Amino acid sequence: MYLYNEEFNRQTSKLVADLEKAINGEYSAINCYAKLAKMAPTEKERKQITEIREDEIKHFHTFGQIYTNLTGKQPQPQITEECPSTYLAGVEFALLDEQETVDFYLQITDEVNQEFIKQAFR
């Protein structure tokens, strides 16, 4: 029984740390996409960036709810990655960040047993 509890606590601690990282990443992305939308050279690009930002806001809220359910506390998001100051560099940064984020989220889905959490990260 003790080993089971120890393993459960270790997995929960890792999940909480992963959620904190995901929440901070989403918070950083939300801020970066807002900055990019203001710099977008065309209305079409601004709309596309705004739609992506809205998806990031949904992810942020979902992960925040999971975090609160696990810890009983509200997350304290922080910007962990600064958005570049030029439009092209910002778009390149965002694309690379999205790919790294997908890989990180897929890793989390492999590690958790709760279906709801798996779905949230998919």
Side-chain angles (χ1 to χ4, degrees):
M1 184 75 163
Y2 176 74
L3 288 176
Y4 173 78
N5 287 338
E6 189 175 302
E7 178 65 15
F8 177 79
N9 289 338
R10 188 191 64 72
Q11 289 175 352
T12 302
S13 294
K14 176 151 179 15
L15 177 57
V16 168
D18 287 345
L19 280 164
E20 288 171 345
K21 180 178 176 180
I23 289 165
N24 288 338
E26 294 296 338
Y27 186 70
S28 298
I30 290 165
N31 285 285
C32 187
Y33 284 122
K35 183 177 179 178
L36 292 175
K38 288 178 185 174
M39 291 189 287
T42 68
E43 181 64 18
K44 180 180 178 184
E45 288 175 61
R46 187 190 66 72
K47 281 185 174 183
Q48 288 174 325
I49 291 167
T50 300
E51 287 176 15
I52 294 167
R53 183 175 182 269
E54 289 169 5
D55 284 341
E56 302 295 357
I57 291 170
K58 290 175 191 171
H59 301 154
F60 175 78
H61 288 298
T62 299
F63 299 156
Q65 288 173 339
I66 294 168
Y67 179 88
T68 300
N69 289 340
L70 281 174
T71 66
K73 297 183 267 186
Q74 292 290 319
Q76 302 296 313
Q78 300 174 12
I79 293 178
T80 53
E81 298 176 274
E82 288 297 326
C83 189
S85 57
T86 65
Y87 181 72
L88 183 57
V91 170
E92 289 173 348
F93 171 82
L95 287 171
L96 289 172
D97 183 65
E98 285 297 320
Q99 185 57 54
E100 290 173 7
T101 299
V102 167
D103 294 342
F104 175 57
Y105 290 176
L106 289 175
Q107 173 192 334
I108 293 170
T109 64
D110 289 343
E111 295 172 352
V112 298
N113 296 323
Q114 301 90 340
E115 193 57 36
F116 172 76
I117 296 173
K118 284 182 181 285
Q119 287 300 324
F121 280 97
R122 281 192 191 117

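Any value given below was found using the heavy atoms of this structure, including those in side chains, with hydrogens, waters and symmetry copies removed. Computed from a prediction, not measured in an experiment: that's the story for all the values here.
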Legend entry - Transitive ILVMFWY side-chain link L19 to F116, under 4.5 Å: yes

Inset, instruction - Spell out, yes or no, whether V112 and Y67 are grouped together once hydrophobic residues are joined by side-chain heavy atoms under 4.5 Å, including indirect joins. - result: yes

Inset, instruction - Find out whether I66 and Q114 are in side-chain contact, i.e. whether some heavy atom of one side chain is under 4.5 Å from a heavy atom of the other. - result: no

Inset, instruction - Rounded to the nearest 0.5 Å, what's the gap from CD on E92 to OH on Y87? Could you check? - result: 11.0 Å

Legend entry - Residues K118 and E115 bridged, charged N to O under 4.0 Å: no

Inset, instruction - Spell out, yes or no, whether I108 and Y27 are grouped together once hydrophobic residues are joined by side-chain heavy atoms under 4.5 Å, including indirect joins. - result: yes

Legend entry - Distance-only donor-acceptor check, side chains Q65 and N69, under 3.5 Å: no

Inset, instruction - Determine, using the 4.5 Å side-chain heavy-atom cutoff (strictly less than), whether F104 and L70 are members of one ILVMFWY cluster. - result: yes

Inset, instruction - Supply the atom-to-atom distance E56 CD to D97 CG, rounded to the nearest 0.5 angstrom. - result: 8.0 Å

Inset, instruction - May I ask whether I49 and F93 are part of the same hydrophobic cluster, defined by side-chain heavy atoms of I, L, V, M, F, W, Y residues being less than 4.5 angstrom apart, directly or through others? - result: no

Legend entry - Between CZ on residue F60 and CG on residue D55, distance to nearest 0.5 Å: 15.0 Å

Inset, instruction - Mind listing the closest non-hydrogen atom pair of G90 and P84 along with its distance? - result: N-CB, 3.8 Å

Inset, instruction - Return the minimal non-hydrogen interatomic distance between T80 and G25, and the atom names on each side. - result: OG1-N, 4.4 Å

Legend entry - Reported OG1-to-CD distance for the pair T50 and E45, which is rounded to 0.5 angstrom: 11.5 Å

Legend entry - Atom of P75, atom of G64 and distance for their closest heavy-atom approach: CG-CA, 4.0 Å

Inset, instruction - Answer yes or no: is there a donor N or O on one side and an acceptor on the other, between the side chain of R53 and the main chain of I30, under 3.5 Å? - result: yes

Legend entry - Heavy-atom side-chain contact between K58 and H61 under 4.5 Å: no

Inset, instruction - With rounding to the nearest 0.5 Å, note down the distance linking CE in M39 to CG in L88. - result: 10.0 Å

Inset, instruction - Please check if atom NZ in K21 has more than 12 non-hydrogen atoms from other residues, nucleotides or ligands closer than 6.0 Å. - result: no

Legend entry - Nearest-0.5 Å distance that lies between atom CG in L15 and atom CD in E20: 10.0 Å

Inset, instruction - For atom NZ of K47, decide whether the heavy atoms of other residues, nucleotides or ligands shown that lie under 6.0 angstrom number more than 12. - result: no

Inset, instruction - Look at the aromatic rings of F121 and F63 and report parallel, tilted or perpendicular, splitting at 30° and 60°. - result: parallel

